[in-house]
Amino acid sequence: MTTGTKPTTFALGALLYPWNATQIKQLYQDAANCSLISRVYLGEIVCAKRNPLLAKYLPIIVDELQAAGKQIIFSTPILHNDEESHQLMLSNIELARQYQCPIEINDLAGLKHATGLEIIIGPYINTYNQASLAVFARNGAQRICPPFEVNRGIIADLATFGLPLEINIFGRVALSISSRCFIAHNLNIERDDCKLACFKHSAGFNAGSEQQELFNLNGMQVQSAKIYNLIKEIPDLQSIAVHNFRINPTPEFSLNQISALITAQLSSTPDSFLTEQQNQLFANGFYHNQEGYKFIE
């Protein structure tokens, strides 16, 4: 897909939820068959305890995606707070070397271990200005995915630096990250002996005020309760020289449904669903420099 002289590309972000084997295989089969998606981020990034199930199917997933012509990028965990997550970080970097793929760094602790690899800086690293971009560029970064909460003005400023940006346009966003597991805490169990209780609550727990739900608790992440949706902003983002976009898997929508919404928007025939559901399901306030939970026309 091309706009002007620069191609517009779409990526599938790493899986953020403790899905079962059927859901995992379906997600990546859909990615392999989705013509909109050109890049797929792989690897457990939320909790190392969740990794064995994804790791079991990873060779099959990689083969299927590569056969479909998708670029694979491995992602490191968003927090290296114990030996288990540190080893997962090293393992995912080693997978990138093994498959000769780029690596997405989501915690700066991983940067020194990624020497010689093509590096993408993920959205969990604070990148708010061009000085930060310059540091990452000197350390081999080829692309930057800014934090979820950046507004249009910051994105426009970052885009003038010249290092390609990739903007999250769909999915719940991380509002905070903690070393404790919010699911385990909610269930009054110890994280070290959680017995993967999150798999019984794979969509997380919603929380908020009496007036509205504001948050979704997912492992060590506090996410937005609403789905952050910048599909309608794609033309505006293209106008400020952003041409790479990321979709994050979410329980409410299949990849095929999200792809159809994006394709309709790009063909100037936006699906009425986006308008009908925008205030109930979606938010875009951060982009418009307002409260994140709002949806701004």
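Side chains are part of it too, since the values below use all heavy atoms of this structure and drop only hydrogens, waters and symmetry mates.
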Take F245 and L230 through the side-chain contact (heavy atoms from CB on, under 4.5 Å) test and state the conclusion after the steps. CA-CA 10 Å; F245 304 102; L230 297 184; over 6 Å; no
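- A donor-acceptor contact under 3.5 angstrom links the side chains of Q87 and E83, judged on distance only.
- Through chains of ILVMFWY side-chain contacts below 4.5 Å, I120 is grouped with Y41, I73.
- In this structure, CG in L255 is found 8.0 Å from CG in L36, a value given to the nearest 0.5 Å.
- Under the 4.5 Å side-chain criterion, counting only non-hydrogen atoms from C-beta, C181 is not in contact with Q221.
- Between P249 and L27 the shortest heavy-atom distance is CG-CD2, 4.0 Å.
- In this structure, the separation between SG on C101 and CG on L65 is 10.0 Å, given to the nearest 0.5 Å.
- Between the side chains of T9 and N244, at least one donor N or O sits under 3.5 Å from an acceptor N or O.
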Pair K226, E252 - check salt bridge (Lys or Arg N to Asp or Glu O under 4.0 Å), show working. CA-CA 11 Å; K226 288 186 175 181; E252 292 82 3; over 6 Å; no
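- Taking the side chain as every heavy atom from C-beta outward, Q66 and I72 approach each other to under 4.5 Å.
- Side-chain atoms of Y228 and Q223 form no donor-acceptor pair, as typed in the model, at a separation below 3.5 Å.
- For the residue pair G43 and A14, the shortest heavy atom distance occurs at O-CB, 3.8 Å.
- For S224 (side chain) and I227 (main-chain N/O), no donor-acceptor pair under 3.5 Å exists by modelled atom type.
- Of all heavy-atom pairs spanning N284 and N229, the tightest one is CB-O, 3.7 Å.
- F282 and I296 fall into different hydrophobic clusters, where Ile, Leu, Val, Met, Phe, Trp and Tyr side chains are chained together by heavy-atom contacts under 4.5 Å.
- Looking only at side-chain heavy atoms (C-beta outward), I167 and P146 come within less than 4.5 Å of each other.
- Applying the ring-ring contact (aromatic ring centres under 6.0 Å, His included) test to F136 and every residue at least two apart in sequence or in another chain returns nothing.
- A donor-acceptor contact closer than 3.5 angstrom is absent between the side chains of N129 and D157.
- Counting non-hydrogen atoms of neighbouring residues, nucleotides and ligands closer than 6.0 angstrom, the CZ atom of R97 exceeds 12 such neighbours.
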Test side-chain contact (heavy atoms from CB on, under 4.5 Å) on L58 and L95 and set out the steps. CA-CA 10 Å; L58 203 57; L95 284 170; 3.6 Å; yes
Side-chain donor-acceptor pairs of residues 48-55 under 3.5 Å, sequence neighbours excluded:
{"from": "K49", "atom 1": "NZ", "to": "E84", "atom 2": "OE1", "distance (Å)": "3.3"}
{"from": "R50", "atom 1": "NH1", "to": "L16", "atom 2": "O", "distance (Å)": "3.1"}
{"from": "R50", "atom 1": "NH2", "to": "N218", "atom 2": "OD1", "distance (Å)": "3.0"}

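- Aromatic rings from Y124 and F148 are positioned such that their centres are separated by under 6.0 Å.
- Looking at Q238 and T8, their side chains do bring a donor and an acceptor atom within 3.5 Å of each other.
- Residues P147 and V150 are in side-chain contact: their nearest non-hydrogen atoms beyond the backbone lie under 4.5 Å apart.
- Contact check for I119 versus Q142: no side-chain heavy atoms found under the 4.5 Å cut-off.
- Across I45 and S75, no two heavy atoms sit closer than the pair CG2-CB, 3.6 Å.
- The list of salt bridge (Lys or Arg N to Asp or Glu O under 4.0 Å) pairs with a residue in residues 16-43, not counting sequence neighbours, reads R39-E166.
- Side chains of E149 and Y128: a donor-acceptor N/O pair is present below 3.5 angstrom, by distance only.
- Around the CD atom of Q100, the shell of radius 6.0 Å holds no more than 12 heavy atoms that belong to other residues, nucleotides or ligands.
- Using modelled atom types, one side-chain atom of N106 and one backbone atom of T76 make a donor-acceptor pair closer than 3.5 Å.
- Scanning both residues, A109 and H113, for their nearest heavy atoms gives O-CD2, 3.4 Å.
- The closest side-chain heavy-atom distance from N168 to P123 is below 4.5 Å.
- If you chain together hydrophobic residues whose side chains sit under 4.5 Å apart, W19 and I60 never meet in one group.
- Rounding to the nearest 0.5 Å places CG of L237 at 12.0 Å from CD1 of I231.
- Proximity of the aromatic rings of F170 and F253 is defined here by a centroid distance below 6.0 angstrom, and this criterion is met.
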I'd like to know whether Q26 forms a side-chain contact (heavy atoms from CB on, under 4.5 Å) with Q29, so could you lay out the CA-CA distance, the side-chain angles of the two residues, the decisive distance to 0.1 Å, and finally the verdict. CA-CA 5 Å; Q26 186 63 59; Q29 285 173 5; 4.1 Å; yes
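- The stretch residues 98-113 participates, sequence neighbours left out, in these salt bridge (Lys or Arg N to Asp or Glu O under 4.0 Å) pairs: E104-R246.
- In this model, no donor atom of one side chain and acceptor atom of the other lie less than 3.5 Å apart for N256 and S259.
- Counted by atom type alone, T160 and Q130 present one or more donor-acceptor pairs between their side chains at under 3.5 Å.
- Residues L88 and V46 do not share a hydrophobic cluster, defined by chaining ILVMFWY side chains whose heavy atoms lie under 4.5 Å apart.
- Under the 4.5 Å side-chain criterion, counting only non-hydrogen atoms from C-beta, M89 is in contact with P77.
- Atom OG1 of T127 is separated from atom CZ of F161 by 11.5 Å, given to the nearest 0.5 angstrom.
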Please determine whether side chain to side chain donor-acceptor pair (under 3.5 Å) holds for the pair D236 and Y287, giving the CA-CA distance in whole Å, both sets of side-chain angles, and the decisive distance to 0.1 Å. CA-CA 11 Å; D236 186 47; Y287 184 78; 2.6 Å; yes
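- With sequence neighbours left out, N139 forms a side chain to side chain contact (heavy atoms under 4.5 Å, CB included) with L111, V135.
- A continuous path of hydrophobic side-chain contacts links F74 to I121 [ILVMFWY only; heavy atoms under 4.5 Å].
- The CD atom of E291 sits 3.5 Å away from atom NZ of K294, with the distance rounded to the nearest 0.5 Å.
- The structure places CD1 of I78 at 9.0 Å from CD of E44, a figure rounded to the nearest 0.5 Å.
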Please determine whether side-chain contact (heavy atoms from CB on, under 4.5 Å) holds for the pair L158 and I144, giving the CA-CA distance in whole Å, both sets of side-chain angles, and the decisive distance to 0.1 Å. CA-CA 9 Å; L158 294 176; I144 303 283; 5.9 Å; no
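- Heavy atoms only, all atoms of each residue included: I37 and A31 are closest at CB-O, 4.3 Å.
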